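These numbers come from a predicted model, not from an experiment.
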Amino acid sequence: QSKLQGKNTFRFYSEEMETEVSTRLRLEVDLQQALKRDELSIHYQPIIDNQSGKMVGMEALLRWEHSKLGYISPGTFIPIAEEIGLIEQIGNWVLRNACYKAKYWQDQGYPPVKLSVNLSALQLKNNAIVQRVNNILEETKLEPKWLELEITESSVMENKDKVIQILKQLRQLGVSVAIDDFGIGYSSLNSLESLPIDTLKIDKTFVGKLEEKTSDVILSAILDLAEKLKLTVVAEGIETEEQHRYLKEKYCHKLQGFLFSQPLNEEWFGNFLERLK
Ligand code: C2E
Ligand code: MG
Ligand code: MG
Ligand code: MG
């Protein structure tokens, strides 16, 4: 009996693994075609000023609608794009399209807001990103002051000296730089001081667990530091009025989360802007 069980167990695992591997392979193959097949799009999530309650920014978030599998989250496909060498191409596509759109909305007469675009760690490995950003700004005619590039804490820490050089050059172009998902990485708080950045985006895990004393303590420590370093602070993942109220009194300039709006497709974001006009 134990032999049979062993056999079944083996089969069970092997089938599961096979499914996992083939889904993964399929995503790898299909992602190569996704751009051409027009399956990628960009959604925009409003970012709100904590004082005035007005929209002051929007974050570009990549979406993949797979023809057979439906919605695939960026958390799943961005790492795949990185591994198979597609992130550069996809990242450039996002940057160019989002900058075009931001400029287009400004030209439509909507109040200008800052555009935030996420960069992968791999895009920061190469100085070419500086020229690339510069070219896209020139091509799209978006003024650099309206663009903020978001990079994660871990992508800086992996290759600190090199990344610092690149960030300095990016800021010389006139764009600003934000550290995304701050607080969950491995960097010590004091290493922040040496980074040429403008903005800290506090990771949503801290906002989501504010009722827990430890989150409150950590968040307060981060906000104190940000204030000393005169960084702009954005809190992500605000879902409840309670979290909103808590942050109202804090050193926190901007707010982002489902409480204000989900990320919206181009058309819906356009409608959203129209109502603000
Ligand atoms: P992120 O840059 O930290 O983006 C914020 C994520 O939080 C988004 O997830 C957004 O939909 C989600 N979010 C916003 N408000 C709330 C809220 O109130 N509650 C909760 N639970 N979540 C909220 P999304 O769109 O699934 O993106 C996940 C991550 O994928 C992003 O995290 C970013 O790291 C990456 N990503 C997305 N687009 C791009 C891109 O164009 N390039 C690169 N390199 N990475 C991207
Ligand atoms: Mg981000
Ligand atoms: Mg984040
Ligand atoms: Mg994140």
Side-chain angles (χ1 to χ4, degrees), residues 31-48 54-66 71-74 77-78 81-82 86-120 122-124 126-151 166-167 169-178 180 198-199 201 234 254 256 260-277:
L31 192 51
Q32 322 247 14
Q33 305 298 321
L35 262 180
K36 258 183 273 165
R37 292 182 182 156
D38 209 22
E39 292 177 355
L40 297 183
S41 67
I42 304 172
H43 284 207
Y44 297 87
Q45 186 177 33
I47 297 174
I48 309 300
K54 291 194 168 134
M55 178 167 67
V56 287
M58 55 182 175
E59 180 170 7
L61 293 161
L62 187 56
R63 295 290 177 259
W64 181 15
E65 191 65 36
H66 188 286
Y71 174 75
I72 317 273
S73 80
F77 72 82
I78 295 279
E82 288 173 334
L86 267 183
I87 193 65
E88 199 100 2
Q89 195 190 345
I90 291 179
N92 290 338
W93 182 87
V94 172
L95 194 59
R96 175 177 289 102
N97 278 276
C99 287
Y100 261 118
K101 209 70 209 179
K103 174 68 171 138
Y104 170 80
W105 281 323
Q106 289 184 7
D107 289 348
Q108 298 293 102
Y110 300 121
V113 299
K114 200 165 212 169
L115 167 69
S116 299
V117 177
N118 293 285
L119 291 188
S120 147
L122 291 183
Q123 292 175 277
L124 284 172
N126 193 329
N127 282 319
I129 186 69
V130 180
Q131 194 56 48
R132 175 69 65 179
V133 169
N134 192 38
N135 289 345
I136 290 177
L137 289 170
E138 281 179 359
E139 178 189 335
T140 61
K141 304 196 168 58
L142 181 71
E143 278 182 85
K145 66 171 179 184
W146 297 115
L147 179 62
E148 182 153 87
L149 299 170
E150 297 191 359
I151 61 182
I166 292 178
L167 296 184
Q169 294 176 48
L170 286 169
R171 289 175 87 219
Q172 275 164 13
L173 299 177
V175 306
S176 51
V177 173
D180 203 354
D198 305 277
T199 302
K201 292 191 83 170
V234 184
K254 304 177 192 178
Q256 180 179 357
F260 308 103
S261 173
Q262 300 266 339
L264 305 169
N265 71 26
E266 284 182 6
E267 190 189 341
W268 283 92
F269 196 84
N271 294 339
F272 188 84
L273 287 169
E274 189 60 40
R275 277 187 277 132
L276 297 178
K277 213 173 173 180

Can you tell me if Lys36 has over 12 outside heavy atoms packed within less than 6.0 Å of its NZ? no
Report, as yes or no, whether the 6.0 Å neighbourhood of atom CZ on Arg132 holds more than 12 heavy atoms from other residues, nucleotides or ligands. no
Where [X] and [Y] come nearest, the two heavy atoms and their spacing:
| X | Y | result |
| --- | --- | --- |
| Leu170 | Ile129 | CD2-O, 4.3 Å |
| Phe77 | Leu62 | CE1-CD2, 3.6 Å |
| Ile47 | Glu59 | CD1-N, 4.1 Å |
| Asn92 | Ile136 | O-CD1, 3.9 Å |
| Pro46 | Gln256 | O-CG, 3.9 Å |
| Ala102 | Met58 | CB-CE, 3.7 Å |

Lys201 and Glu148 ion-paired at < 4.0 Å: no
I'd like to check [X] versus [Y] (side-chain heavy atoms, cut-off strictly below 4.5 Å). Are they in contact?
| X | Y | answer |
| --- | --- | --- |
| Leu147 | Cys99 | yes |
| Leu35 | Leu86 | no |
| Ser176 | Arg171 | no |
| Arg63 | Pro263 | yes |

Find the distance between [atom1] ([X]) and [atom2] ([Y]) and round it off to the nearest 0.5 Å.
| X | Y | atom1 | atom2 | answer |
| --- | --- | --- | --- | --- |
| Leu273 | Gln108 | CG | CD | 9.5 Å |
| Leu95 | Leu137 | CG | CG | 7.0 Å |
| Glu82 | Glu88 | CD | CD | 11.0 Å |
| Met55 | Lys254 | CE | NZ | 12.0 Å |
| Leu264 | Asn271 | CG | CG | 9.0 Å |
| Leu167 | Gln172 | CG | CD | 11.5 Å |

Taking the six-membered ring of Tyr100 as reference, does the NZ or CZ atom of Lys103 fall below 6.0 Å from its centre and within a 45° cone about the axis? no
Passing option when Asn97 is tested against Val117, Ile42, Thr140 for side chain to side chain contact (heavy atoms under 4.5 Å, CB included):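 So, applying the side chain to side chain contact (heavy atoms under 4.5 Å, CB included) to Asn97 and each of Val117, Ile42, Thr140, only Ile42 qualifies.
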Candidates Leu115, Asp180, Val175 - the one meeting side chain to side chain contact (heavy atoms under 4.5 Å, CB included) with Leu149: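 For Leu149, the side chain to side chain contact (heavy atoms under 4.5 Å, CB included) test succeeds with only one of Leu115, Asp180, Val175, which is Val175.
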Can you tell me if Gln131 and Asn135 form a side-chain donor-acceptor pair at under 3.5 Å? yes
How are the rings of Trp105 and Phe269 set relative to one another: parallel (under 30°), tilted (30 to 60°) or perpendicular (over 60°)? tilted
Main-chain N/O of Val130 paired with Asn134 side-chain donor or acceptor, under 3.5 Å: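 Not at all, since once roles are kept as given, no pair shorter than 3.5 Å links the two residues.
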